[in-house]
Amino acid sequence: MLKKLPASAGIFKDSPSLTSEGFWSDGKNVRFFRGKPEKIGGWTKFSTSSITGKGRTLISFSDTTGKKFLSIGTNKKLYIADASNTITNITPLDASANTFTVNIATVDLTPNVTITHNSHGRSVGDTVIFANQSSAIGGITLNGTYLVTVVPTANTYTVAHTSNATSTASASRTIDYQYELSIGAEYGGYQFGWGVGGWGLSTWSTPRVASSLTSNPRTWSISTFGNFLITNPYGGYLYVWDGNLTNRATYISTAPARNDYSFVTPERFVVSLGTHDYGTNTYSPTLVRWSDQEDYATWTPAATNVSGEFPLQSGSIIMGGGVSRVQNLIWTDTSLYAMRYLGDTEYVYAFNILGTNCGLIGSKAWTEVNGVTFWMSNNNKFYMYDGSAPKELTCTVSRYVFEDLEKAGNPIITCAVNSRFNEVVWYYPSISATNAEIDRFVAYNYVENTWYIGDIVRTAWVDGSIFNYPIGIGGYAANSDTGYIYFHEDGYNDDGAAIDCYLESSQFDVDDGENVVNISRIVPDVSFESGSTLNMQIKTRRWANSPDEQTKTLTFDESSDKVDTRAQGRVATIKLSSNAVDNWWRVGDIRVDISGVGRR
């Protein structure tokens with residue numbers, strides 16, 4: 001007798017296997033689309049050129065001439081990429097000067113060059129650029145781009161030249177220099193030591209050895225302002241890029257000196273979240289400020305402009321925010337606010353609490369699709385907001401995700417949209433992740449209300465609205481900060497390599513568990529890309545909690561109409577898997593041929 005395998009769309013991991021009968025209980029890199037499972041699409045490199053640093057922010061945009069661009073923010077660089085796949089460094093400068101006098105010291109037979117520059121502000125890993133050194137020292141002329149390798153003092157730092165010095169020497173020279181913006185933290189982490197935590201949390205003069213407070217890695221806010229970009233690293237200055245690929249982003253000197261996050265409203269106000277007030281220049285983590293309309297450089301309120309500020313009252317820190325379809329949204333660690341434009345010269349914006357106990361877990365952990373906003377909260381829940389009130393999403397993998405979430409990595413969690421497949425995806429770090437770096441994802445199909453999981457690593461993402469494909473950043477080898485930009489849903493491979501994927505059913509009763517039965521044949525309904533195969537593993541048990549008794553492994557391809565086997569038991573599971581290049585499949589209904597054996 002042929003029996004259809006009960007398997008509804010989505011993965012259900014939060015209940016015992018037999019209780020979840022009728023669902024898939026586990027999986028990796030398999031999506032559900034139009035009610036059926038299929039292997040996820042592949043990806044290829046956007047460019048053979050790499051990027052330096054962990055890419056935490058990615059946007060796509062087009063200018064008024066229709067040219068397409070990406071902007072990428074890493075913990076070390078700020079980039080622009082164009083449609084010709086050329087990646088350009090537009091990282092702001094901390095300082096620069098021409099014909100500047102420094103002391104240059106060399107050590108015989110080594111490439112180490114020490115520069116004396118009082119209050120240089122450099123850190124290990126920073127980029128410095130030199131040109132036009134007045135004359136060589138110890139056979140060394142600094143000309144080009146170098147990384148700072150050692151910082152002995154606040155007035156000296158060392159770089160490695162491409163050649164060894166011919167003598168030990170030290171003398172003053174004039175030189176042109178450019179200091180790129182100092183690098184930021186690559187990862188988040190728990191805060192330890194003295195002064196961590198609230199007043200009275202522990203004893204005086206005792207360093208904290210445990211903490212729930214996390215420090216922020218470098219993330220960027222990047223927004224378009226016509227053909228310009230307005231951007232800032234977390235906690236840093238605001239910068240503007242003028243759309244010219246030969247120019248770097250430059251400091252907006254009249255903007256607040258600290259900006260945790262920023263965005264540009266549809267009315268062309270630049271908004272700063274977590275910033276200095278204009279009266280005392282004091283930092284407030286819950287303060288919202290905005291510039292004059294159409295003017296990113298005017299921030300001081302006056303009768304001649306409509307810049308202003310507003311302190312949020314619910315929550316202790318702003319976690320992020322941005323533009324939605326009908327209003328701007330801002331999250332604190334506890335609440336969701338609406339920032340609605342009034343158009344009045346005195347009351348420019350109205351701020352209203354939309355919900356409490358639904359704060360944002362990290363600045364990149366939200367997105368909007370077709371006027372509906374989705375986010376991961378710091379209270380171990382997922383939410384949506386469709387214009388009425390925040391609503392909790394029922395997640396069938398919630399325990400799996402949040403019990404294994406490395407909270408030190410909360411600030412780098414990134415939320416992605418793949419509108420082609422109606423997906424909102426959160427990339428997050430698990431407890432087993434190295435350096436609390438992203439190593440897993442959880443996806444939600446917002447049309448079909450299904451959840452699924454995987455281990456593809458993407459540190460930033462943008463949907464395919466400007467370019468033809470969704471685009472993600474990844475490809476970082478272990479202990480490396482060199483990554484790549486990828487086109488997604490392009491082919492079936494991991495940039496030429498196989499994508500490992502599987503899908504495992506919950507336990508299901510064979511013949512309702514009444515009898516031990518024999519499974520003699522599998523009749524699959526599978527669509528294949530030409531040349532693809534699909535492995536199926538069948539495991540049977542006498543009872544739900546007893547050990548596996550029999551394991552059978554079968555292989556299907558596009559020519560398979562049935563596969564014969566022999567397995568006996570009361571309950572069974574089926575696991576589908578593949579790990580080969582150029583492989584793709586989509587599974588319909590699976591039928592098993594069963595016959596009675598008895599009640600043993």
Side-chain angles (χ1 to χ4, degrees), residues 1-40 396-397 445 447-453 501-529 532-544 546 548-578 584-599:
M1 177 180 68
L2 285 175
K3 179 179 179 179
K4 184 188 297 185
L5 173 70
S8 299
I11 291 177
F12 198 110
K13 287 185 70 71
D14 289 355
S15 294
S17 183
L18 194 56
T19 305
S20 304
E21 183 177 9
F23 291 89
W24 301 94
S25 67
D26 198 8
K28 182 174 76 171
N29 305 334
V30 175
R31 65 162 47 104
F32 290 83
F33 185 60
R34 295 173 182 166
K36 300 299 179 183
E38 62 181 54
K39 178 188 168 185
I40 63 172
T396 57
V397 294
N445 185 312
V447 171
E448 302 176 41
N449 196 30
T450 54
W451 295 83
Y452 31 101
I453 54 179
C501 60
Y502 71 86
L503 187 64
E504 186 170 359
S505 74
S506 299
Q507 291 182 3
F508 59 93
D509 293 318
V510 181
D511 196 26
D512 292 326
E514 179 70 18
N515 296 302
V516 174
V517 300
N518 179 62
I519 300 175
S520 60
R521 183 172 51 175
I522 305 294
V523 181
D525 174 20
V526 185
S527 299
F528 289 99
E529 177 66 16
S532 297
T533 60
L534 175 63
N535 302 317
M536 177 183 290
Q537 185 181 76
I538 304 173
K539 293 183 178 181
T540 60
R541 297 179 177 183
R542 293 286 167 164
W543 307 103
S546 62
D548 293 330
E549 287 195 356
Q550 294 182 336
T551 300
K552 304 291 183 180
T553 301
L554 315 172
T555 300
F556 299 89
D557 59 28
E558 54 193 318
S559 66
S560 302
D561 53 3
K562 67 179 181 64
V563 176
D564 296 324
T565 187
R566 182 182 176 88
Q568 294 183 355
R570 280 188 171 86
V571 296
T573 61
I574 288 179
K575 182 178 181 178
L576 310 174
S577 65
S578 65
W584 184 86
W585 44 264
R586 175 177 168 84
V587 177
D589 294 328
I590 298 175
R591 291 174 171 81
V592 295
D593 196 348
I594 62 174
S595 57
V597 173
R599 294 191 177 186

**Student:** Any side-chain heavy atom of T540 sitting closer than 4.5 Å to one from Q568?
**Tutor:** no
**Student:** Show the numbers, then the answer: is there a side-chain contact (heavy atoms from CB on, under 4.5 Å) between M536 and I590?
**Tutor:** CA-CA 11 Å; M536 177 183 290; I590 298 175; 3.9 Å; yes
**Student:** Determine the minimum heavy-atom distance between Q550 and A567, stating which atoms define it.
**Tutor:** OE1-CA, 3.0 Å
**Student:** Supply the atom-to-atom distance F23 CZ to T396 OG1, rounded to the nearest 0.5 angstrom.
**Tutor:** 7.5 Å
**Student:** If I compare all heavy atoms of P37 with all of W585, which pair ends up nearest, and what's the gap?
**Tutor:** O-CZ3, 4.4 Å
**Student:** State, with a plain yes or no, whether a side-chain heavy atom of D589 is found less than 4.5 Å away from one of K36.
**Tutor:** yes
**Student:** Nearest 0.5 angstrom please: T450 OG1 to F12 CZ, how far?
**Tutor:** 13.5 Å
**Student:** Is it true that D593 and R591 make a salt bridge, defined as a side-chain N closer than 4.0 Å to a carboxylate O?
**Tutor:** no
**Student:** Can you see whether N535 engages Y502 through a side-chain donor-acceptor pair at a distance of less than 3.5 angstrom?
**Tutor:** no
**Student:** Which value, rounded to the nearest 0.5 Å, describes the distance between K562 atom NZ and S520 atom OG?
**Tutor:** 9.0 Å
**Student:** Using modelled atom types and a 3.5 Å cut-off, is there a donor and acceptor pairing between side-chain atoms of S25 and backbone atoms of S505?
**Tutor:** yes
**Student:** Could you grab the distance from atom NZ of K28 to atom CD of E504, nearest 0.5 Å is fine?
**Tutor:** 12.5 Å
**Student:** Taking atom types as modelled and ignoring hydrogens, do the side chains of S559 and D557 form a donor-acceptor contact shorter than 3.5 angstrom?
**Tutor:** yes
**Student:** If you measure from NZ on K539 to OG1 on T553, what distance do you get to the nearest 0.5 Å?
**Tutor:** 8.5 Å
**Student:** Answer whether the closest heavy-atom distance between the side chains of Y452 and L503 falls below 4.5 Å.
**Tutor:** no
**Student:** Between I40 and W584, which heavy-atom pair has the shortest distance, and what is it?
**Tutor:** O-CD1, 4.4 Å
**Student:** Quick check on side chain to side chain contact (heavy atoms under 4.5 Å, CB included): which of L554, V587, T555 does L534 satisfy it with?
**Tutor:** V587
**Student:** How close do I11 and V397 get, counting heavy atoms only, and between which atoms?
**Tutor:** O-CG1, 3.6 Å
**Student:** Within a strict 4.5 Å, meaning less than it, do heavy atoms of the L576 and W24 side chains meet?
**Tutor:** yes
**Student:** Hey, are the side chains of K552 and I519 touching, using non-hydrogen atoms and a 4.5 Å cut-off?
**Tutor:** no
**Student:** What heavy-atom pair brings E38 and V30 nearest, and what distance separates the two atoms?
**Tutor:** O-CG1, 3.3 Å
**Student:** Can you tell if the side chain of R586 reaches within under 4.5 Å of the side chain of R34, non-hydrogen atoms only?
**Tutor:** yes
**Student:** Hey, are the side chains of W451 and K13 touching, using non-hydrogen atoms and a 4.5 Å cut-off?
**Tutor:** no
**Student:** Do R570 and R541 come close enough that some side-chain heavy atom pair is under 4.5 Å?
**Tutor:** no
